[in-house]
> 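Pasting a structure here, questions to come.
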2 protein chains.
Amino acid sequence: MEQRRADNIAEALEEHIFSGSFQDGDRLDEVRLAEQFGVSRTPLREAFQRLALSGLVELVPRRGAFVRQPGPIELMEMFEVMAELEAVCGRLAAMRISEEALDDLRDANAKCQKAVDAKDTDGYYTENERFHKTIYRQSGNRFLEQETAKLHKRLKPFRRQQLKFRGRMAQSMAEHEAIVDALATGKPEESANALRNHVAVQGEKFHNLMASLKSKAE
Amino acid sequence: MEQRRADNIAEALEEHIFSGSFQDGDRLDEVRLAEQFGVSRTPLREAFQRLALSGLVELVPRRGAFVRQPGPIELMEMFEVMAELEAVCGRLAAMRISEEALDDLRDANAKCQKAVDAKDTDGYYTENERFHKTIYRQSGNRFLEQETAKLHKRLKPFRRQQLKFRGRMAQSMAEHEAIVDALATGKPEESANALRNHVAVQGEKFHNLMASLKSKAE
DNA sequence: TTCGAATTTTTTGTATACAAGAATGTTGAC
DNA sequence: GTCAACATTCTTGTATACAAAAAATTCGAA
């Protein structure tokens, strides 16, 4: 891993943090990382500033940068906000969605179903993401779309864990159908509720998430 | 304005952008600003990274940093998201709020009323902020609280404009009362709707906001 | 004049140098 | 052996130096 530009460094570090290469509390050694990336400390420090604002690292003055992995509580909070943001997207989209977008959703669902049948987790994941991002876009609010996508991205590593649990893909599919129905018939509150429940981490999903957290820590 | 630390520079620049000292599209000259702040380019560039992520500045590679003031459309989108986030806070708070917090809200409202009577815009503003931040906190979700407060801060300069319009403070007060009622009686949907309508920019408020935008541009 | 190529000047991006604070290790007193 | 004061080493924060890209300017041809 050498000779990267400053623009990419933040992204590369983000990847490392997401992938779990860095544990919570780890100090990001400027000189060591500079060597690894084949750059000087300057672009690294600029990357730290970005990561600090997005909450992935904590910048302690005169001490350095420390990675901050969300704990169980913060994670639950983030998922709750995710569910609410998706609900908002759905409520707005129910009033603003286009016919083309509805077709996109149906297409994504069809491909999701194929992936489920083929037990293709990656394929399911890709189409699932397209499904959700289409709804963000159809909220008709670019700012909301971006903010929702930002949190979606941040929760990605944890959501991926979720999909591996047995039966989750099939259940998720059924929920997708209900969401499309609510959107197609222009029912704001129904769309919002369907999306909120789809994304919310409750009951069994809660236990699965906690279990995956523990296995990560080991 | 001299001898500031890097930590403060981002904040100082933010202030300048919020206050309207910088127009949309203005280039932030590294050497000129470095002189003004009495520092070298290095800490300034670190500050730029932070501002870029929060959307206040656009970083064009090999070109520099340009301030990005939200246009009318983006502003409307941000207010729509603000209304929805406050609604979410309200819905959750209705289920989770404490008696002490309810008293805080009533206290803030009382002081708001005094400020209205005294035509004390600043005083009103302070207590209004306390009112809203109490609700964010009572959502029981720290992550939601922080995200909502972040957007609240970003919209501050535009909201302040709003309050100057005649009759707005009195109407706002009445809405606050309704919000407290809904929260006190533990009605999630009613609280959410009351807060959404309170924050949403519609009808007359829309025209006022647009008018204040025009006067700023002059 | 007007346009365009070549040259100069700015400005950004990165490396390096250096000062000051934090961490670490050592020594000596008890 | 333990603890504290001092010295040393590391690390961060900032300034400066330098290379490369972009912008501005000059100059000559049509």
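Just so it is clear: chains get the letters A, B, ... in the order the sequence lines come, proteins before strands, and each one is counted from 1. Computed from a predicted structure; not experimentally measured.
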> Please state how far atom CD in A:E30 lies from atom P in C:dA23, giving the value in whole angstrom units.
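Interatomic distance, CD of A:E30 to P of C:dA23: 14 Å.
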> Under 4.0 Å between a Lys/Arg side-chain N and an Asp/Glu carboxylate O for B:E145 and B:R96?
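Looking at B:E145 and B:R96, the cut-off is not met.
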> Rounding to an integer number of Å, can you tell me how far B:E35 CD sits from C:dT10 P?
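In whole Å, C:dT10 P lies 14 Å from B:E35 CD.
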> For A:R45 and C:dG13, what is the distance between atoms CZ and C1' respectively, to the nearest whole Å?
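So the two atoms are 16 Å apart, to the nearest Å.
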> Calculate the interatomic distance between B:Q49 atom CD and C:dT14 atom C1'; express it in whole Å.
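Distance check: B:Q49 CD to C:dT14 C1' gives 13 Å.
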> Closest approach to the side chain of B:V39, judged atom by atom: which nucleotide of C:dT14, D:dA15, D:dT14 is it?
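Nearest to the side chain of B:V39 among the choices is D:dA15.
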> Between the side chains of A:R142 and B:E77, is the shortest nitrogen-to-carboxylate-oxygen separation below 4.0 Å, so that they form an ion pair?
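No, B:E77 and A:R142 are not salt-bridged.
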> Can you tell whether the side chains of B:K150 and A:E147 come within less than 4.0 Å, N to carboxylate O?
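The answer is no: the pair does not qualify as a salt bridge.
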> Specify the separation, in whole Å, of atom CZ of A:F37 and atom P of C:dG13.
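It works out to 19 Å between those atoms.
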> Can you tell me the distance, in whole Å, between the CD atom of A:E46 and the C1' atom of C:dT12?
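Interatomic distance, CD of A:E46 to C1' of C:dT12: 10 Å.
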> What nucleotide, of C:dA15, D:dT12, D:dT16, holds the atom closest to the side chain of B:S40?
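Among the listed nucleotides, the one closest to the side chain of B:S40 is D:dT16.
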> Is the count of non-hydrogen atoms from other residues, nucleotides or ligands lying under 6.0 Å from A:E11 atom CD greater than 12?
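At most 12 heavy atoms, drawn from other residues, nucleotides or ligands, come within 6.0 Å of this atom.
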> Rounded to whole angstroms, how far apart are CZ on A:R27 and P on C:dA23?
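Going from A:R27 (CZ) to C:dA23 (P), I get 10 Å.
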> Please produce a list of atom pairs where a protein N or O lies less than 3.5 Å from an N or O of nucleotides 20-25 of chain D.
from	atom 1	to	atom 2	distance (Å)
D:dA22	O3'	B:R63	NE	3.1
D:dA23	OP1	B:R63	NE	2.7
D:dA23	OP1	B:R63	NH1	3.1
D:dA23	OP1	B:R63	NH2	3.1

> Is the closest basic N to carboxylate O distance between B:K156 and B:E129 below 4.0 Å?
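Answer for the salt bridge query: yes.
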> Return the nearest nucleotide to the side chain of B:R41; candidates are D:dA17, C:dT11, D:dT14.
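My answer, after comparing the listed nucleotides, is D:dA17.
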> Between A:H152 and A:H132, how do the two ring planes meet: parallel, tilted or perpendicular, split at 30° and 60°?
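If you compare the ring of A:H152 with that of A:H132, the planes turn out tilted.
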> When you check the side-chain N and O atoms of B:Y136 and B:Q146, is any donor under 3.5 Å from an acceptor?
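There is no such pair between these side chains.
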> Once you round it to whole Å, what is the distance between P of D:dT12 and CZ of A:F48?
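Taking atom P of D:dT12 as the reference, CZ of A:F48 is at 8 Å.
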> Quick check for you: among C:dT14, D:dT12, C:dT11, whose closest atom lies nearest to any side-chain atom of A:T42?
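Closest of the options to the side chain of A:T42: C:dT14.
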